[in-house]
Amino acid sequence: MQFIDSHAHLNDPAFDPDREELITQKLPEAGIALSVEIGCAPEEWTPALELAARHPSLIGAVLGVHPEYASKLNPANLKELAALLPDKRNLAVGEIGLDYTCFEFTAKERQQEVFSQMLALANQVQKPIVLHVRRAGEDYAAYDDTFHALKHEWKPSAAAGHPGVLHCFCARYEEAKRALDMGLLLGINGCFTYKKNEYIREAVKKAGSDKIILETDCPYLSPQGRRGLRNDPSNIPLIAEFAADYLDIPLEQLAEITVRNTKALYGLV
Ligand SMILES: [Zn+2]
């Protein structure tokens, strides 16, 4: 059985001691056919492409500006990003979006401005998008503002089987439905496995097991049972088992669906 980790940060310093060994040995042993590296700050773009270049069959790259790092964007590195996005190793524009829990790093208005710039770049290169949306408590304004921007500014890639994913899905069915209506997939990770998150599981079940892809978002968000430990793509089968069990479908079927969806999203054959 094979899996894909659709969203990882293997260039994080947490992996400095064993990155190459992890990629070339531990991942293939765990059935991870591909891990997609998200370079979401200016200093991460070239290293993400380089990681994919060193491991062409095991690592893909996605480049963009995370809302938390939006304050790092300036006219010079925006131009650099525009030049890097068409690279064949870059599969999408991400992670981009709105995070209403981190205004101490980037103010709301600046986040919205940069999100608009990222959508304009995605429209220009016609690649899919990887969305990061995080709400402050029970206030879902981050989702409202994201969907509003998508509706008015985004021209989904016509070539992609799925034009985007709502990464780290952590909301209600209402938000899942709005995402699905725009052709987005839902990215399922450790959050789906945490005891307190029954509402996320219920929303995903209602959305349908055919609308999901798997991710770790490592080194963060280790699944239940491994919390507190460093997360890495070899935990994908654990998340898959948990999801297959909850969604009441065979593990093989979940593996097959999520690999197919991830390949459709990232334009892989
Ligand atoms: Zn991430």
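Order of appearance sets the numbers: ligands from 1, and atoms from 1 within every ligand.
Around the Zn ion (ligand 1), protein atoms of type N, O or S found under 2.8 Å number 4.
Geometric assessment of R172 against the ring of Y140 yields a positive cation-pi assignment under the 6.0 Å and 45° thresholds. By the 6.0 Å and 45° rule, K72 stacks over the aromatic ring of Y69.
Taking a cutoff of 4.0 Å between a charged side-chain nitrogen and a carboxylate oxygen, K26 and E29 do not qualify as a salt bridge. Taking 4.0 Å as the cut-off between side-chain N and carboxylate O, K195 and E198 do not count as a salt-bridged pair.
A single hydrophobic cluster is not seen to contain both I239 and Y194; linkage of ILVMFWY side chains at heavy-atom distances under 4.5 Å, directly or through other members, places them apart.
Between H7 and H167, the angle of the ring planes stays under 30°, which puts this pair in the parallel group of the 30/60° scheme.
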